[in-house]
Enquirer: 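One structure follows; several queries about it will come next.
Everything numeric in this text was worked out from a predicted model, so none of it was measured.
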Amino acid sequence: MPADPTPGGHRRLIRLLRGRNLRLSSVVGRYVVVTVTIFAVALVSVGALYDRFTKELETTLVGERQSAQEAATANRMAAFLETMQYQLAKISNYPGLNAFLSDPGAPATADIGALLRLEADVPDLYGILFFDGDDKLRYAVAGQAASGPPYWTAKGWSIAGMPVVVKDGVEIIGPALPQPGRAGWILLRRPMRESGSGTGGTVALHIRLASMTEQLDKSNTSGIIRMLLATPSGAILDATGRPIEGARELAPGPEVLPGWRLMRDRRSPDVLSSLRSARGWLYSGGALIMLVVVALFVHLGLRMRRRVDLLVEGANAVASGNLTYRLPLTRKADEINALSAAFNTMAERVKDMIDRTVRTEKMAVLGQFATGVAHEVRNPLATMKTTVQSLSRDEPDQDRRELLIDLEAEVDRLNRVVNDLLTYGRPHPAARGPLAVRELLRRTATLLKPVAAERGVHLASTGDSSVGLLGDADHMQQILVNLGLNALQACGRGGTVTFRSRREGERTVIEIADDGHGIAKEDLQRVTDPFFTTKPAGSGLGLTISQQMVEANEGTMRIESARGVGTLIAVSFPASSFPASDPTLDGTRGGTATS
Amino acid sequence: MRTPGLRPALRGIAVAAGILASTSLAARAERIVLGAAPEAAEVVVGCIYPMTGRAAIYGEDSVEGIRLALRDIASGKVTGTPGPRLRVVVDDDLSKASYGLRLAEDFIDKDHARVLCGMVSSGVAQAVSDLARRRSIILIGTDHASSRLTIEAGHPHYFRLSNDSWTSNAAGARYLRDIRASQPWQRIAILNPDYEYGHVSRDDLLTAMDGLGMKYEVVAELWPKLYEPDYSTYIQALKELKPDIVVTALWGGDFLAFLKQAAAVDLFSQMRVANFDTGANYDVLVQLGASPPPGLILSARHHNNWPDTPGNRRFVDDFHAMTGRYPTYAAEGAYSGIVAIAKAVAEVGNATDDKALIAVLEGMRLSLPEDPQGFASIIDPVTHQIMQAQAVGTPVANDRFPPAKAMLGNIRAYDAEDLRPPPDLVRARRAAAQPTQ
Ligand SMILES: Nc1ncnc2c1ncn2[C@@H]1O[C@H](COP(=O)(O)OP(=O)(O)OP(=O)(O)O)[C@@H](O)[C@H]1O
Ligand SMILES: [Mg+2]
């Protein structure tokens with residue numbers, strides 16, 4: 001077992017690509033290279049576009065909003081402080097504050113007390129504090145948020161040492177940072193306006209620190225930019241009013257008060273980091289798809305290569321003379337399969353053509369030979385026949401005379417074979433004309449009847465007798481008689497030979513069917529060869545001549561046969577709609593009927 | 001010294017005072033008068049509750065609780081015989097101390113109230129309790145919870161008839177201790193409203209946990225302001241702090257608003273949220289719906305489904321029969337306050353002897369709807385705080401009190417005696433308190 005399958009896989013892939021199986025110079029190899037190149041270029045350009053888009057998005061989201069948000073936050077904070085300052089100014093202007101402070105419980109100043117409580121009664125305020133000239137707390141009015149010192153007890157409560165900044169005559173004291181159990185706060189303080197008191201007394205709003213820092217977060221719902229608040233004490237506060245812990249990269253923003261400054265957290269905003277990780281996914285996804293494409297091409301290429309190899313093999317086989325080689329066809333209707341089918345058809349045609357050429361040449365040679373022999377033999381045969389006739393006429397001895405008569409019959413037979421050979425070797429050209437099939441079949445039947453009767457075979461004729469065909473009358477007659485004779489000879493006693501005729505589109509078909517012994521499978525290819533015969537007295541020229549004549553009349557012949565069942569021979573010729581009546585029959589081979 | 005320049009300021013103050021007097025009438029809900037007519041009344045009780053704003057439901061249910069108490073007193077269910085004739089006047093403080101104080105003064109001066117009651121906000125209660133001390137008027141607190149009022153700021157005329165922040169947080173601390181075995185936790189965050197009650201609740205919880213010797217780490221204390229409309233800043237901070245448990249004393253509309261926002265950003269899948277004082281209030285349970293967020297730990301000062309005693313069933317059913325809805329805990333608090341007043345007046349025989357009334361109230365035992373079987377609430381003579389048992393649990397599906405689809409379940413109940421502040425603690429806290437002036 002290999003420890004790591006991946007390097008092995010790579011090596012195999014490289015071997016496949018470099019090896020004999022699939023070269024980069026092959027069509028598939030080129031496709032792979034082109035596809036991968038296009039894909040890589042597309043991926044890189046999409047990546048570049050994506051980068052630009054995220055950059056733009058970042059500037060749009062962060063850049064523009066950053067300054068807008070900073071300005072808005074600074075405005076909100078200023079507005080909050082202004083409201084507080086206004087409230088403080090209002091309170092500091094109350095007349096009778098000094099009288100109230102000198103005796104807070106006195107009924108005469110009850111109204112001032114109630115007003116102060118009303119002013120303090122908002123959630124943002126711990127309370128309203130009054131100080132004397134030495135920053136010592138004189139009196140505290142508890143506000144809605146009041147809790148702990150300095151309200152219920154002032155123990156340990158002091159503003160000594162706290163940062164103080166001044167703006168528009170108002171002191172901003174603090175911040176006092178949150179302590180365990182206590183939230184942070186600031187004071188907004190100004191002198192009481194009361195004249196003549198000469199105490200140097202001041203009044204302060206005791207404000208929740210968080211009420212100020214909460215302004216940082218009000219427009220920051222998207223969480224893209226986080227704003228913080230730097231304070232004069234050095235502490236940097238978050239929106240909840242707590243000092244942030246740990247070092248952070250901060251960018252300074254606008255100042256909201258002297259020493260109080262907005263800060264921007266430079267931490268990469270969450271939204272953009274997800275955009276960046278998306279780019280990583282884009283690239284790795286693209287690389288993966290590219291790998292898959294290459295693997296797919298290699299696979300396809302190898303399969304295609306195998307099939308092309310088969311094609312090459314077939315072409316080579318045909319080239320080296322094996323005309324019977326056929327390519328295996330798959331069920332898929334793809335290009336390669338179509339090519340294979342075309343190849344097979346081509347091989348078939350080539351074989352047919354070669355076969356026919358060979359036969360034609362064979363026949364031509366045979367024909368010349370046969371004609372020569374026939375010429376040489378015909379005249380002596382005629383002499384022999386007249387001699388034998390006169391001899392037998394004069395022969396008194398009965399036995400001898402019978403011998404002579406036999407001799408005469410043999411001469412006749414020889415003569416007939418010679419005639420056949422002449423017909424075969426010098427076929428007379430077809431003089432085609434419209435023929436009535438009914439008439440043809442009737443004459444054929446007349447000629448065959450004696451033989452049928454002798455062999456005890458039933459002769460029948462069925463089908464559409466009104467059809468006509470275009471052909472040479474002599475040829476037609478001879479074809480039908482030859483085929484009919486073969487059928488009769490194949491049948492035993494009690495057999496049937498049937499002629500059937502019908503129209504098939506532009507063709508007229510005549511079938512000669514018998515229920516005789518049939519043709520052996522291995523003989524089926526050869527029955528039309530000249531001199532092929534299975535009969536002791538056969539010449540083996542009947543089907544040869546018939547085939548020749550069928551072809552001369554633009555016909556086709558089809559032979560179906562099963563051993564022991566019977567034979568069906570179908571000949572088809574161009575159809576003719578108006579058959580001429582009573583064509584004369586040339587008796588060239590008429591004698592055959594008597595054999 | 002008057003100068004022409006001061007005149008506008010003087011006019012300003014007059015206008016402002018006028019506003020205080022008139023807007024209070026315009027914006028506030030109508031004052032409600034229950035019980036006997038002025039001539040027939042043996043004692044007039046002036047009650048101060050919020051009837052508008054986020055806390056209005058507390059005032060409304062308190063009024064119904066008072067109505068129910070008056071009925072029970074009149075029918076003799078409280079004292080055995082038809083009890084003393086009480087006249088109860090209720091007015092709306094808008095949850096503001098300045099208004100509450102003005103109302104209390106009017107009750108004393110104009111309605112001749114001998115007893116004050118009510119107050120939901122600890123801030124208002126603080127101011128009114130101070131007034132009660134100064135004017136020597138008995139104040140029966142029913143719904144505010146800061147333990148400061150009974151411990152540091154306690155005085156002879158102040159009593160509280162509902163659980164305070166100490167009771168709730170002592171129960172909460174025990175609950176946190178008890179679940180540790182099955183659900184370990186270490187880091188807690190505090191999310192309390194930034195005012196008296198929130199701060200005291202935090203102190204009570206940590207003191208109670210320290211008293212139990214528990215180890216814990218407070219990762220943050222967050223102080224959103226009272227009536228904060230938007231908790232997203234604080235929820236975001238909690239998500240970053242990642243405590244195991246957030247203990248919060250947000251109450252009423254604030255707690256409901258927080259729950260909604262926290263659920264929207266899936267806070268509950270990251271940490272448990274506990275609210276030991278008001279979390280299991282009926283209006284919270286109604287809002288939780290059929291599928292409460294996971295991990296909630298809740299309790300409240302009274303539960304409609306606990307304890308399952310005849311007394312509690314009768315109270316809840318009577319309330320429902322009377323109003324067509326089920327009560328929040330405010331109803332039982334106000335009911336208890338009025339019942340205590342009636343019992344004290346009946347026992348003393350008149351309502352004019354404050355000393356005698358106080359003496360009767362100190363150590364008084366009352367059978368209240370929230371008392372488990374075999375226990376009666378008792379008013380602690382030292383702190384004047386009623387001592388009661390408390391149940392802590394989690395919301396589970398329960399549609400016996402529609403429209404709520406969940407009620408408190410998986411309950412762990414803690415005995416009143418366990419939840420009493422240790423005497424040393426009371427002494428120490430009182431010693432540390434010093435008046436400002
Ligand atoms: N209808 C048929 N049934 C069975 N075999 C047949 C039939 N027709 C032809 N054949 C076979 O084909 C062979 C060739 O026939 P063909 O007509 O060419 O020659 P032949 O009949 O043998 O001799 P010829 O026709 O010259 O007298 C026959 O010997 C016979 O074996
Ligand atoms: Mg033949």
Enquirer: Look at A:G96, A:A110, A:P180 and state which one has the largest set of heavy-atom pairs under 4.5 Å with chain B.
Expert: A:P180

Enquirer: Does any backbone or side-chain atom of B:L222 lie under 4.5 Å from a heavy atom of chain A? Answer side chain, backbone, both or neither.
Expert: side chain

Enquirer: Find the distance between CH2 (B:W223) and CZ (A:R208) and round it off to the nearest 0.5 Å.
Expert: 11.0 Å

Enquirer: Could you tell me if the side chain of B:E152 sits less than 4.5 Å from the side chain of A:W152, heavy atoms only?
Expert: no

Enquirer: So do B:Q126 and A:Y151 actually touch side chain to side chain, heavy atoms under 4.5 Å?
Expert: no

Enquirer: Charged N to carboxylate O under 4.0 angstrom, B:E240 versus A:R226?
Expert: yes

Enquirer: Residues two or more places apart in sequence or in another chain: which of them pass side-chain contact (heavy atoms from CB on, under 4.5 Å) with A:Q85?
Expert: A:L81, A:D168, A:V170, A:L188

Enquirer: Backbone N or O of B:P224 within a donor-acceptor pair of the A:E214 side chain at under 3.5 Å?
Expert: no

Enquirer: Compare every heavy atom of A:R242 with every heavy atom of B:E221, then report the nearest pair and how far apart it is.
Expert: O-CD, 3.9 Å

Enquirer: At their closest point, which heavy atom of B:S98 faces which heavy atom of A:A114, and how far apart are they?
Expert: CB-O, 4.4 Å

Enquirer: Does atom NZ of B:K260 have more than 12 heavy-atom neighbours from other groups under 6.0 Å away?
Expert: no

Enquirer: What residue pairs, at least two apart or across chains, pass salt bridge (charged side-chain N to carboxylate O under 4.0 Å, His left out) with a residue in residues 80-93 of chain A?
Expert: A:K90-A:E119

Enquirer: In terms of heavy-atom proximity below 4.5 Å to chain B, should A:A146 be classed as side chain, backbone, both, or neither?
Expert: backbone

Enquirer: Tabulate, in ascending numerical order, the residues of residues 188-196 of chain B having at least one heavy atom closer than 4.5 Å to a heavy atom of chain A, or enter 'none'.
Expert: B:D194, B:Y195, B:E196

Enquirer: For B:R134, which atoms come within 4.5 Å of any heavy atom of chain A: side chain, backbone, both, or neither?
Expert: neither

Enquirer: Where the side chain of B:K225 meets the backbone of A:P123, is there a donor-acceptor pair that is under 3.5 Å apart?
Expert: no

Enquirer: Side chains of B:Y99 and A:L118: does their closest heavy-atom pair fall under 4.5 Å?
Expert: yes

Enquirer: Do side-chain atoms of A:R117 reach the backbone of B:L101 as a donor and acceptor pair under 3.5 angstrom?
Expert: no

Enquirer: Under the side-chain contact (heavy atoms from CB on, under 4.5 Å) test, which residues partner A:S233, sequence neighbours left out?
Expert: A:P163, A:P175, A:T231, A:A235

Enquirer: How long is the straight-line distance from CZ of A:R182 back to NE2 of B:H199, given to the nearest 0.5 Å?
Expert: 6.0 Å

